[in-house]
Structures are given as structure tokens and as C-alpha cells.
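These notes are about the structure you will find just below.
Atom set for the values below is all heavy atoms of this structure, side chains included, hydrogens, waters and symmetry mates excluded.
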Amino acid sequence: MSATDFHLTLSSARALHLAAQGLLQTPPRKTGKEDVLACIRNMSALQIDTINVVARSPYLVLWSRLGHYEHAWLNELLEEGHLFEYWSHEACFLPIEDYGLYRHQMVSPQGLGWKYNHKWLKENAAQVETVRQHIHANGASRSADFERTDGKSGGWWEWKPEKRSLEVLFTTGELMVAKRHNFQRIYDLRERVHPKWNDKKYLRSPLECERTQILQAVRALGICKTSWMADYFRMGKFDAKNQPAQLVKEGLLIPVQIENQEPLFYVHPDRMDTLQRAQDNQLKATATRILSPFDPVVWDRKRAIELFDFDYKLECYTPAPKRRYGYFTLPILRRGALIGRMDAKAHRKDGLFEVKALHVEPGIRISQALATDLGKTLREFASWHDCADIQLQHCNSPELFQLLTKEF
């Protein structure tokens, strides 16, 4: 095949991406725990974040693809050993079969930046050893099991020494997250959490691991150009043997051209059928979903602009007076396009889902069909948060505001 055997329009490339991510069509009516695991395996990584004005990000990413499911299943999969936690795109739930892909980082964590402070580890070796021995003797432990005595509190820069010790031991792979309780990590020794692992028996070369992750990234994204590949798992510069052109020569990637785009894009051979359907314009995006700010579709802000013309920034770290859209804005996906974003808060005790602000993108045509799709999805989203009532405070389109309030 030549480099140009596959040509896609931008809309068909978007559809291919969404199909690979499980966001092309409305989720199934019934979902089981095995579907949660399959969903995470399909994405290869489920990013973790603790902000909970609405459901925490990992739960929300799953809801976008699966609809209603039991929150407890995620922790059960972790506790049962089907998942593990480690640094990937950022902190992520990962399929346990991919543990070996991250083992080199654990053994040589110097490239992980603030996540691994060798100087601090050296200066606090005794404290780290105390924490290690405590868990060895007493079993799985939380940070809260170590009482803070210095009177400080705050972000990671003010973690108590025991918390920093736990995180260092987690980063070096000596500890793993055995389970979570109320979303708090509970750590235990690696040999107790993942007893089947053996470095000498299972560890592959860094080159093989890098190649596997490149292919996983392309498969997860559906369609991918070179600059998008490294971001998916926060990878560095690829080895010459793992450059996309070389992988094409070996039949491990399929080159694709997108209209008016100069660089080549790539598709994993596992997506060949979907690629063919995309080229034949047979992929129809019908889903309307609310996305997490840490959803793979938007976590690479440059990719969101290039693929969806959606300029997105998470403003929770921006001072309130300087925010344009809100504290924790959620992208809105409708029929293959990112049409807007909303700043929302679930008041679970009061049964109220508050949409503080909803902004549709410039050029989006306001219609009853749009309001119907969005209203149905917002009702489903609110119900999933155990909220029976929806309150829309502001919308940048007065016409959509009127249509939506009738939907509620």
C-alpha cells in the first residue's frame, strides 16, 4: 500500500477517534463490572483527579462511555488486582497486564520530576524506612494512619513526611495502592498486592515497552499524528527503531491522510475495519455526552484544537476574577462535535444539579433538536448524581436557555 491509500475528511477522522474512544454512540442500557474493565483496557489509562464538585473524573470518564454503572466497581477492580495505579499520562488507573510497561520508571524514576525527589529521599532515609517497616509489620495503611505533628497542612509541598514517604515508595514501586476507601489510597507492599510479578521473568527491554506504548496510544486514540503519540503516556523522544515511519514499514501502523492536513496520521491495524468505515463515511456520531476535563478526548489541549477546533482550558487553578467560563467546566460532546462547556455543581444532599453557566461554541446552530439532545443528557447526568432537579442559571445563548428550561 502507498502512503495515501486512506484519505479521511476531518469529520470522518473525528468519528474514527470517537469510535475508538467508545463515544460515537449512546451507551448501552445495561452495564456490568466487566464492561468497566473493558472500557479502561480500551483507553489503556484512566486518569485520576480528586475534585468532586461533580463526580470525580475517573467515574465521569466511565459514565460518558457506559452510562449508569456502580461506582463501587472501579474500586473492586483495583482491589481484585485487575487494575493498578501509577504515573502514566498523570496518576492513572491502569490494566494490571500493563504493569511491566511502567516497571522501568519505578526502577529508574529520576525522569519523573517532582514525583520523585532523590535529595529528599536521601535526607529522609530513616523516615522512609520507618514507613516501610510499619507497612511490612502492620499491613496496608493510609496516609491518615500516620498522625501529623507539625501543625501544617496543604498541597503536596506541605505533605507530612510520612505522606511524602508513601509517595516516594509508591513511585519507586516498593508500594502499590491495594485499594481505596472514600477515595483515599491504601498502600501495601508490592509483593502482597501483585505477588505474581517477577522482574527477571517478565520485564521486557525499554525499547519493547516504548514500542508497545506507542502502539497502545495510537490504538486508543483511533487516529494519531506523531506529536499526539508521546503525550498520551507522557513519553519522551522515541528511539529511532520506534519512529512511526519504521512502524509503518513493519506493518504495525497504517498511514492515513486527512484533508487539508500536511502531516501523515496513523491508525493501529486493530482499527482497520473502523478506518474503512470512516473512509466510506459510514461512522455516524449520534451520542450527546458530558466529558470530564481529564477525558482522553480533551486532556491534550492542542489535540482538541487541531481535531475539534475546541480551545479548552481548565480554570479551577485560575483566580476566580480571571475565569472566563467557570471553576470546573465540562466539555459537551454532541454528534461528533464539541459544541460547548458547562460549569456545574451537584448538590447531592439537596437533590439539585446546578448548572452555573453553559456556553455554546460560536457558530453552533441553536435548534429544538439540540435542546432535546442536551436536555435528555443533562437529565441523565443529574440522575446519575442522585439529583432529581436541574437548575440552569446562565447560558450565553438566550434562545437555548429558553429551550432548555422547558426540557427540565
Report task. Tell me, yes or no, whether the heavy-atom count around H181 atom NE2, taken from other residues, nucleotides or ligands under 6.0 Å, exceeds 12. Result -> no
Report summary line: So SG of C92 and CG of D98: to nearest 0.5 Å the spacing works out to 11.5 Å
Query raised in the report: Does N52 use its side chain to pair, donor to acceptor, with the backbone of V54 at less than 3.5 Å?
Result: no
Query raised in the report: Can you check whether L83 reaches I40 side chain to side chain, under 4.5 Å on heavy atoms?
Result: yes
Query raised in the report: Is it true that a side-chain atom of D145 and a backbone atom of R142 form a donor plus acceptor pair closer than 3.5 Å?
Result: yes
Query raised in the report: Relative to F170, does R190 satisfy both conditions: NZ or CZ under 6.0 angstrom from the six-membered ring centre, and within 45 degrees of the ring's axis?
Result: no
Query raised in the report: Looking just at side-chain N and O atoms, do Q261 and Q257 make a donor-acceptor pair shorter than 3.5 Å?
Result: no
Query raised in the report: Is the Y99 to H194 ring centre distance short of 6.0 Å?
Result: yes
Query - Exam field: side chain D343 to backbone L358, donor-acceptor pair closer than 3.5 Å - result: no
Query raised in the report: So, do H104 and L203 sit near enough that their side-chain heavy atoms are less than 4.5 Å apart?
Result: yes
Query raised in the report: Should the ring pair W197 and Y202 be called parallel, tilted or perpendicular, given that the plane angle runs from 0 to 90° and is split at 30 and 60?
Result: tilted
Requested in this report: Check the pair H71 / W384 against ring-ring contact (aromatic ring centres under 6.0 Å, His included), numbers first and verdict last.
Outcome: CA-CA 10 Å; H71 278 204; W384 183 60; 5.1 Å; yes
Requested in this report: Would you please classify the geometry between the F353 ring and the H385 ring as parallel, tilted or perpendicular, with 30° and 60° separating the classes?
Outcome: tilted
Query raised in the report: What do the steps show when you test L378 against M342 for side-chain contact (heavy atoms from CB on, under 4.5 Å), and what is the final call?
Result: CA-CA 11 Å; L378 283 173; M342 70 174 186; 3.5 Å; yes
Query - Main-chain N/O of L374 paired to T377 side chain as donor or acceptor, under 3.5 Å - result: no
Query raised in the report: Tell me, do V218 and L247 make a side-chain contact under 4.5 Å, heavy atoms counted?
Result: no
Query raised in the report: Any chance the side chains of E259 and H7 put a donor and an acceptor closer than 3.5 Å?
Result: no
Requested in this report: Could you check whether the rings of W63 and F381 sit parallel, tilted or perpendicular, using 30° and 60° as the cut-offs?
Outcome: tilted
Report task. Establish, yes or no, whether the cationic atom of R301 lies under 6.0 Å from the six-membered ring centre of Y312 and within 45° of the ring axis. Result -> no
Query raised in the report: Side chains of R234 and H89: is there a donor and an acceptor less than 3.5 Å apart?
Result: yes
Query raised in the report: Is there a donor-acceptor pair closer than 3.5 Å between any side-chain N or O of R56 and the backbone N or O of D49?
Result: no
Query raised in the report: Given E315 and F328, is the side-chain contact (heavy atoms from CB on, under 4.5 Å) satisfied, shown in steps?
Result: CA-CA 6 Å; E315 296 179 303; F328 197 69; over 6 Å; no
Requested in this report: Determine whether the side chains of N75 and R180 contain a donor N or O and an acceptor N or O closer than 3.5 Å.
Outcome: no
Report task. Anything under 30° is parallel, anything over 60° is perpendicular, the rest tilted; go ahead and classify F183 against Y59. Result -> tilted
Query raised in the report: Does the side chain of Y187 come under 3.5 Å of the side chain of E167 through a donor N or O and an acceptor N or O?
Result: yes
**Report entry** Working for side-chain contact (heavy atoms from CB on, under 4.5 Å), residues I366 and L403
**Finding:** CA-CA 9 Å; I366 306 303; L403 291 172; 4.1 Å; yes
Query raised in the report: Taking it one step at a time, do R204 and L101 satisfy side-chain contact (heavy atoms from CB on, under 4.5 Å)?
Result: CA-CA 8 Å; R204 295 183 286 162; L101 300 177; 3.1 Å; yes
Query raised in the report: Does a donor on one side chain sit under 3.5 Å from an acceptor on the other, for E208 and T212?
Result: no
